[in-house]
Amino acid sequence: MATDSNSRLPIIDISPLLVKCDDPNMKEDTGVVEVVRKLDRACRDVGFFYVTGHGISESFMKKVKEMSHQFFELPYAEKLKIKITPAAGYRGYQRMGLNLTGGKQDFHEAIDCYKEFEQGKYGETGKAMEGPNQWPENPQEYKELMDKYIKLCIDLSRNILRGISLAFGGSPYEFEGKLVGDPFWIMRIIGYPGVNQENVIGCGAHTDYGLLSLINQDDDKTALQVKNLAGDWISVTPIPGSFVCNIGDMLKVLSNGVYESTLHRVINNSPRYRVCVGFFYEINFDAMAEPLDIFKEKYPGDERSQLSKRVVYGEHLVNKLQTTFANLMEHN
Ligand SMILES: N=C(N)NCCCC[C@H](N)C(=O)O
Ligand SMILES: O=C(O)CCC(=O)C(=O)O
Ligand SMILES: [Fe+2]
């Protein structure tokens with residue numbers, strides 16, 4: 001069993017960082033220093049933390065989940081109007097059980113969205129993901145709401161990453177410019193049905209693919225579990241108005257394995273339907289991730305790393321999609 005001190009994720013109020021995040025000298029501010037210290041600890045110890053004081057209102061976060069609940073309540077035929085296919089760039093609605101993790105079916109349905117880009121922009125690799133995102137015609141308000149939400153999540157992710165850059169001793173802007181000048185993003189709106197049987201795997205153990213994930217989960221069910229350094233699964237009890245934030249594979253590569261992309265899974269043991277909206281902030285689709293100079297110098301070897309030391313993000317993503325949707329054929 002997890003002991004008390006490592007059974008709850010750190011809670012980080014990032015408001016001092018947000019106040020100063022456009023000031024190039026932000027690292028001289030005592031409030032920022034404190035946030036940066038907490039980010040560093042959290043990223044090294046568990047790779048997951050709650051973020052509060054992030055400036056996105058609790059009522060807006062709730063609205064996003066409420067409208068998503070309403071979508072999943074629609075008749076199946078209605079949801080299928082925006083169904084995901086390889087031809088649609090893996091964008092749209094996926095039925096229950098379509099998603100595979102570790103070769104096993106997950107017990108969830110979802111709408112998957114990705115940053116849109118012009119045809120041909122990313123050559124052969126990008127082709128697999130071309131296409132517009134798919135939204136239901138009704139209510140139109142849903143797409144508008146989610147577009148607004150995406151913009152807020154992009155800004156928030158960039159600002160948290162300024163703190164993380166400082167945490168590992170870089171300039172605040174390590175994740176802007178060449179590597180993240182044109183950040184890719186993913187949004188997954190996920191529905192997990194209620195169950196009356198224990199331990200149904202809503203989403204199998206996995207790591208996220210990019211830099212930073214922002215999880216907006218229903219307040220009244222505990223389902224997300226994170227594997228801590230001791231190897232225990234710890235439950236991520238919702239804190240209303242907070243985001244759960246975690247590190248993805250690209251940040252692991254960039255930090256030379258100093259920051260781990262932590263394994264997590266979802267088990268909704270509640271009899272009620274659970275919604276989670278995950279936003280994933282990534283490096284440029286065509287950027288090559290490799291350890292940043294500051295990490296190469298300080299941490300030459302990394303025995304723990306399961307990922308190769310260099311990876312083009314878009315290739316990593318498309319590989320993941322192909323295993324996740326190995327069952328996806330046109331008749332689905
Ligand atoms: N963009 C993110 N994080 N997606 C995670 C999806 C669930 C895991 C996926 N089936 C897999 O095996 O990776
Ligand atoms: O449902 C959740 O709480 C997390 C979902 C997740 O891990 C993912 O989509 O990558
Ligand atoms: Fe995840």
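Order of listing sets the numbers, starting from 1, for every ligand and every atom in it. This chain uses plain numbering: 1 for the first residue, then up along the sequence.
An N or O contact shorter than 3.5 Å is missing between Asp106 and ligand 1 by distance. Polar contact check, Leu100 against ligand 1: a nitrogen or oxygen pair lies under 3.5 Å apart. In terms of polar-atom proximity, Arg188 is not counted as a contact of ligand 1, lacking any N or O under 3.5 Å from an N or O of the ligand. Annotation: Asn99 places an N or O atom under 3.5 Å from an N or O atom of ligand 1; distance criterion only.
With a 4.0 Å heavy-atom cut-off, ligand 2 is reached by the side chain of Asp208 but not by its N, CA, C or O. For Ser213, no heavy-atom contact with ligand 1 is shorter than 4.0 Å. Of all the heavy atoms of Thr101, the ones lying under 4.0 Å from any atom of ligand 1 are found in both the backbone and the side chain. Contact annotation: for Thr323 versus ligand 1, there are no heavy atoms closer than 4.0 Å. Using a 4.0 Å cut-off between heavy atoms, Gln217 makes no contact with ligand 2 at all.
In this structure, the ring of Phe49 has its center no less than 6.0 angstrom from the ring center of Tyr259. The six-membered or imidazole ring of Phe295 lies near that of Phe168, with a centre-to-centre distance under 6.0 Å.
In terms of protein heavy atoms, atom 9 (O) of ligand 2 is closest to Ile190 CD1, 3.3 Å. Of the protein's non-hydrogen atoms, the one nearest atom 4 (C) of ligand 2 is Val266 CG2, 3.7 Å. In terms of protein heavy-atom proximity, atom 1 (N) of ligand 1 is nearest to Tyr209 CE1, 3.6 Å. Nearest protein neighbour of atom 2 (C) of ligand 2, counting heavy atoms only, is Cys276 SG, 3.3 Å. Counting only heavy atoms of the protein, atom 5 (C) of ligand 2 lies nearest to Tyr192 OH, 3.5 Å. Nearest protein neighbour of atom 7 (C) of ligand 1, counting heavy atoms only, is Cys203 SG, 3.6 Å.
Taking hydrophobic clusters as Ile, Leu, Val, Met, Phe, Trp and Tyr residues chained together by side-chain heavy-atom distances below 4.5 Å, Leu292 does not share a cluster with Met288. Phe107 and Tyr93 sit in two unconnected hydrophobic clusters of ILVMFWY residues. Membership requires side-chain heavy atoms under 4.5 Å apart, directly or through other members.
Note on Glu109 versus Lys79: salt bridge recorded, some NZ/NE/NH1/NH2 to OD/OE distance being below 4.0 Å. Between Asp147 and Lys143, at least one side-chain N (NZ, or NE/NH1/NH2) sits under 4.0 Å from a carboxylate O, which counts as a salt bridge.
With Asn196 contributing its side chain and Pro271 its backbone, the two residues share no donor-acceptor pair below 3.5 Å.
The structure places OH of Tyr50 at 14.5 Å from CZ of Phe243, a figure rounded to the nearest 0.5 Å. With rounding to the nearest 0.5 angstrom, the CE atom of Met187 is 8.0 Å from the SG atom of Cys153.
Nearest heavy-atom pair, Val226 versus Val46, reported as atom, atom and distance to 0.1 Å: CG1-CG2, 4.0 Å. For Asp13 against Val35, the heavy-atom pair with the smallest separation is O-CG2, 3.6 Å.
Within Asp208, OD1 is the N, O or S atom that lies nearest to the Fe ion (ligand 3).
Note on Cys203: not counted as a metal contact of the Fe ion (ligand 3), no N/O/S atom lying under 2.8 Å.
At least one heavy atom of Arg274 sits under 4.0 Å from some atom of ligand 2. For the pair His206 and ligand 2, a heavy-atom separation below 4.0 Å is found.
A tilted orientation is assigned to the rings of Phe285 and Phe117, their planes being inclined by 30° to 60°. Ring-plane geometry between Tyr313 and Phe184 is classed as tilted, the angle between the planes lying from 30 to 60 degrees on a 0 to 90 degree scale.
Distances below 4.0 Å separate heavy atoms of His264 from the following atoms of ligand 2: 7 (O). Counting the atoms of ligand 2 from 1 in the order shown, those under 4.0 Å from a heavy atom of Phe280 are 8 (C), 9 (O), 10 (O).
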